[in-house]
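Below is one structure; the comments refer to it alone.
Per chain, numbering begins at 1; letters A, B, ... match sequence-line order.
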Amino acid sequence: GQQLNQSPQSMFIQEGEDVSMNCTSSSIFNTWLWYKQDPGEGPVLLIALYKAGELTSNGRLTAQFGITRKDSFLNISASIPSDVGIYFCAGQLRRDDKIIFGKGTRLHILP
Amino acid sequence: DAMVIQNPRYQVTQFGKPVTLSCSQTLNHNVMYWYQQKSSQAPKLLFHYYDKDFNNEADTPDNFQSRRPNTSFCFLDIRSPGLGDAAMYLCATSRDPTGTYEQYFGPGTRLTVT
């Protein structure tokens with residue numbers, strides 16, 4: 001089946017640093033979604049993207065729908081301890097398709 | 001607040017003993033999904049309901065069944081849980097699968113099989 005390649009798998013950063021992660025595919029996607037999951041909780045939708053080139057912010061988070069429609073990026077500026085968790089990208093090939101999840105990026109913040 | 005609610009949050013069952021997990025939503029969304037998520041993995045879609053229409057994923061074992069008696073509630077039945085079925089089970093909803101495709105997840109039920 002279709003796969004999303006999400007990288008990096010994990011990140012160890014200092015508080016206050018900026019974070020970048022991305023998701024790529026060999027297929028063209030219609031929609032990109034970014035979720036954050038805290039331990040023992042369900043994923044929470046952070047940002048949804050619907051158009052190639054779209055750049056959307058949610059507080060310190062910014063995500064972009066790649067021009068080729070085969071990738072998406074998530075940036076977190078000035079990280080804080082509550083940013084710790086797993087970030088999943090998810091994409092939809094066509095409007096009536098199920099969404100496909102990446103394998104997640106686990107973000108750790110060093111004390 | 002409108003939300004997706006899952007009960008219980010933690011469920012322990014014995015090998016082979018049927019178990020039912022429940023999900024309710026106050027969002028009035030048309031679509032409800034059940035996902036299985038194992039440790040350090042992405043959620044895996046088991047099936048979904050679009051209104052009363054049931055859509056099973058091809059690789060979902062027959063051991064997993066679902067019921068949606070009304071718009072607000074959806075149940076996941078595991079007929080004979082095996083040790084490999086221990087996982088987090090996530091319910092999600094979306095307004096319409098053909099429009100903007102934002103899924104909203106509940107907090108999950110962590111299932112332990114002893």
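Heavy-atom neighbours of chain A within the stretch residues 60-69 of chain B, taken at a separation under 4.5 angstrom, are nonexistent. Contact residues of residues 106-114 of chain B toward chain A are B:Gly106, B:Pro107 (heavy-atom distance under 4.5 Å).
Linking ILVMFWY residues whenever their side-chain heavy atoms come closer than 4.5 Å, directly or via other members, places B:Val4 and B:Leu45 in the same cluster. Under the 4.5 Å side-chain heavy-atom criterion for Ile, Leu, Val, Met, Phe, Trp and Tyr, B:Tyr50 and B:Leu27 are members of the same hydrophobic cluster. The hydrophobic cluster containing B:Leu76 also contains B:Leu83, counting ILVMFWY residues as joined when their side-chain heavy atoms lie under 4.5 angstrom apart, directly or transitively. A:Phe73 and A:Trp34 are assigned to two separate hydrophobic clusters, defined by single-linkage of ILVMFWY side chains at heavy-atom distances under 4.5 Å. Grouping the Ile, Leu, Val, Met, Phe, Trp and Tyr side chains by contacts below 4.5 angstrom, directly or via other members, places B:Tyr104 apart from B:Phe47.
Contacts between B:Gln6 and chain A at a heavy-atom distance below 4.5 Å are absent for every atom of the residue. Contacts of A:Leu45 with chain B are made by side-chain atoms alone, with heavy-atom separations under 4.5 Å and no backbone atom involved. Heavy-atom distances place no part of A:Gln9 under 4.5 Å from chain B, backbone and side chain included.
A:Pro43 has its side chain out of reach of B:Gln103: every pair of non-hydrogen atoms, C-beta onward, lies at least 4.5 Å apart. Contact annotation: the side chain of B:Glu102 approaches that of A:Tyr50 to within less than 4.5 Å [non-hydrogen atoms, C-beta and beyond]. Contact annotation: the side chain of B:Met88 never approaches that of A:Glu41 to less than 4.5 Å [non-hydrogen atoms, C-beta and beyond].
Residue B:Lys17 places its NZ atom among 12 or fewer non-hydrogen atoms of other residues, nucleotides or ligands, all under 6.0 Å distant.
Pairing each heavy atom of B:Gln41 with each of A:Phe88, the nearest pair is O-CZ, 3.8 Å. Shortest non-hydrogen contact noted between B:Ala42 and A:Lys103 is CB-CA, 4.4 Å. Closest heavy-atom contact between A:Arg106 and B:Ser40: NH2-OG, 3.5 Å.
Going from atom CZ of B:Phe105 over to atom CD of A:Gln37 covers 8.5 Å, rounded to the nearest 0.5 Å.
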